[in-house]
*Asks:* 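If you scroll down you'll find the structure; I have some questions about it.
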Protein chains: 2
Amino acid sequence: MNWDPAQFTVDKIIIADDHPMFRDALRQAMSSSHADCQIIEAESSESLRLQLREHHDADLLVLDLNMPGVEGFSALAYVQKKYPDLPIIMISANDKPETIMHAKHFGALGFVSKSASIQEIRRGVNTVLQGDTHFPYQFNEQLYQKLDDTLAETTRQVAELTPQQLKVLGMIKQGLLNKQIAYDLDISEATVKAHVTAIMRKLGVNNRTQAVMKVANIEIH
Amino acid sequence: MNWDPAQFTVDKIIIADDHPMFRDALRQAMSSSHADCQIIEAESSESLRLQLREHHDADLLVLDLNMPGVEGFSALAYVQKKYPDLPIIMISANDKPETIMHAKHFGALGFVSKSASIQEIRRGVNTVLQGDTHFPYQFNEQLYQKLDDTLAETTRQVAELTPQQLKVLGMIKQGLLNKQIAYDLDISEATVKAHVTAIMRKLGVNNRTQAVMKVANIEIH
DNA sequence: GGTCACATAAGACCAAAGTCTAATGGGTCA
DNA sequence: TGACCCATTAGACTTTGGTCTTATGTGACC
């Protein structure tokens, strides 16, 4: 590494991670290259919110993905919206390409896996501190963009269903027959069939089995 | 804590975790209470296998769940079978009750979440080193036993399918018609129907939609 | 040589799924 | 008052799904 830490000053870094051991390790790693840097710790999204209010002048936020109290990327989205100028680097044990892509799209300037070595993590942090972005080079965005697009499309399609159609779709997922659905909703089987046809048309599928697989992992509200 | 580390000697501990930072932190935590203890590190299931061959006399294995190269609990099952006398404590970022229960059932003597404080982790490790078991007290085994049972039952049922039936089930999941399946497998539709009937009988469902939902999140090999 | 599991298949039959057309009524919005 | 969306339904029709019975061939295992 031909990079010199003295080239720029770092006054304050916030580390948000619910694993005390990881926070400790990261603090040590950071203070060895930035001796006079103040390190703020947050162990939950709530404490992160409080710390940010006090330390909105920080140079960097190191954010863990799986913090309790936040569903997925909502913490990232929240911080990004409220403090647009605060650089964020995400650190996560989950380094699937989808995750990295999401981090990128939600405005993180960098991403490092927790599986990375201390040197790699430090390099990623320093790169972002210098104003650059830092993502694992192995991952092919185009490739996973498509996967993500299909999920997004499905979500859009489901959103186009009418309330009654959603109900019916939910019951199809339970393996109910049209007849049973009709009885439970107190409507005729003909109506159920009409709904099913409409559902399949909107989802772009040809039968209920395909419909079920398409929304298998989507919550029907 | 009214517990005295000098009460027993600890010569050798193996730490298996793919996060270098966590390994460092844990090593530090351990060496502070067991100064003369040798700490062996493994960063993958492969290196764990090698280290175990050399250090099968270790006093404890601290095992991370999400190591690359092992699907879920296979590493735990492997070690447990090959070295039945080696105490194992699991450490994981995923501390869902199901996970804890699995660890317990696969023979781990303890479980601590990575979200726990260093003191808690150290206490868990020491408890297991003393020959006791250590699991989070909050978790209600009976409650999650049931959830787990249904998943385990499904897995058992899928395991009873013949190779050809597995193929057919996989194609059903793709929403193919019996006719299409017959064409693709170059068999008659009657045969496909026979397979489908057998599949549904073994899975304990009444139609293909229910079958699909039942195995929606199971990989069909 | 006999048993067993598996894959294959035909034919008959009934139930369920899905399409199309046409029609009614309620609600909202301009 | 229309235009429009949504929910509802009937009737006729075709296709698909699923059961049951019966039957053949093959390879493994003892």
Side-chain angles (χ1 to χ4, degrees), chain A residues 150 153-221, chain B residues 152-221:
Chain A
T150 63
E153 194 201 359
T154 302
T155 308
R156 257 198 316 277
Q157 289 169 327
V158 169
E160 284 199 351
L161 298 177
T162 67
Q164 191 77 331
Q165 286 166 359
L166 275 176
K167 249 189 236 173
V168 173
L169 179 54
M171 299 173 84
I172 292 177
K173 278 184 71 173
Q174 296 167 37
L176 299 185
L177 303 176
N178 291 340
K179 196 178 293 189
Q180 297 174 296
I181 297 174
Y183 180 82
D184 287 354
L185 293 182
D186 200 28
I187 57 182
S188 86
E189 195 180 340
T191 308
V192 176
K193 285 186 177 181
H195 285 315
V196 172
T197 300
I199 290 169
M200 296 191 301
R201 222 187 283 284
K202 287 183 182 174
L203 293 185
V205 298
N206 300 313
N207 57 52
R208 58 173 60 209
T209 307
Q210 289 175 353
V212 158
M213 275 310 293
K214 189 154 190 177
V215 301
N217 294 301
I218 296 184
E219 289 298 321
I220 306 292
H221 165 305
Chain B
E153 195 200 358
T154 302
T155 309
R156 257 197 316 277
Q157 289 169 328
V158 170
E160 284 201 351
L161 298 178
T162 67
Q164 191 78 329
Q165 285 166 1
L166 275 177
K167 248 188 237 173
V168 173
L169 179 53
M171 300 173 84
I172 292 178
K173 277 182 71 173
Q174 295 167 38
L176 298 184
L177 303 176
N178 290 341
K179 195 178 294 189
Q180 297 174 295
I181 297 174
Y183 181 82
D184 287 354
L185 294 183
D186 199 28
I187 57 182
S188 85
E189 194 180 341
T191 308
V192 176
K193 285 186 178 182
H195 285 314
V196 172
T197 300
I199 291 169
M200 296 191 302
R201 219 187 286 285
K202 287 182 182 175
L203 294 185
V205 298
N206 301 312
N207 56 53
R208 59 171 61 208
T209 308
Q210 289 174 354
V212 158
M213 275 311 292
K214 189 154 189 177
V215 301
N217 293 302
I218 295 184
E219 288 299 319
I220 306 291
H221 166 310

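All chains are named by letter (A, B, ...) in the order of the sequence lines, taking the proteins before the strands, and each is independently numbered beginning at 1.
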*Asks:* Determine the minimum heavy-atom distance between A:A211 and A:L203, stating which atoms define it.
*Replies:* CB-CD1, 4.0 Å

*Asks:* For residues 176-187 of chain B, which residue pairs pass the side chain to side chain donor-acceptor pair (under 3.5 Å) check, not counting sequence neighbours?
*Replies:* B:N178-B:R208

*Asks:* Distance under 4.0 Å to a non-hydrogen atom of chain B counts as contact; along DNA chain C, which nucleotides mark the start and end?
*Replies:* C:dC6 to C:dA10

*Asks:* Looking at every non-hydrogen atom in both residues, tell me the closest pair between B:L161 and B:I199 and how far apart they are.
*Replies:* CD2-CA, 4.0 Å

*Asks:* Provide the closest heavy-atom pair for A:K173 versus A:V212 in the form atom of the first, atom of the second, distance.
*Replies:* CA-CG2, 4.0 Å

*Asks:* Taking any heavy-atom pair under 4.0 Å as a contact, classify A:T191: base, sugar-phosphate, or nothing.
*Replies:* base

*Asks:* With a 4.0 Å cutoff (strictly under), does any side-chain N or O of A:H195 reach OP1 or OP2 of D:dT8?
*Replies:* yes

*Asks:* Atom OG1 in A:T162, atom NE2 in A:H195: separation rounded to 0.5 Å?
*Replies:* 6.5 Å

*Asks:* Specify the closest pair of heavy atoms between A:Q164 and A:L185, including all atoms of both residues, with the distance to one decimal.
*Replies:* NE2-CD1, 4.3 Å

*Asks:* Taking B:K202 for its side chain and B:E160 for its backbone only, find out whether a donor-acceptor pair lies under 3.5 Å.
*Replies:* yes

*Asks:* Shorter than 3.5 Å, N or O on both sides, protein versus nucleotides 15-19 of chain D: list them out with atom names.
*Replies:*
{"from": "D:dT16", "atom 1": "OP2", "to": "B:K179", "atom 2": "NZ", "distance (Å)": "2.8"}
{"from": "D:dG17", "atom 1": "OP2", "to": "B:N178", "atom 2": "N", "distance (Å)": "3.1"}
{"from": "D:dG18", "atom 1": "OP1", "to": "B:R208", "atom 2": "N", "distance (Å)": "2.8"}
{"from": "D:dG18", "atom 1": "OP2", "to": "B:R208", "atom 2": "NE", "distance (Å)": "2.9"}
{"from": "D:dG18", "atom 1": "OP2", "to": "B:R208", "atom 2": "NH2", "distance (Å)": "3.4"}
{"from": "D:dG18", "atom 1": "N7", "to": "B:K193", "atom 2": "NZ", "distance (Å)": "3.1"}
{"from": "D:dG18", "atom 1": "O6", "to": "B:K193", "atom 2": "NZ", "distance (Å)": "2.8"}
{"from": "D:dT19", "atom 1": "OP2", "to": "B:T197", "atom 2": "OG1", "distance (Å)": "2.7"}

*Asks:* For residues A:I172 and B:T209, report the shortest heavy-atom separation together with the two atoms involved.
*Replies:* O-CG2, 3.4 Å

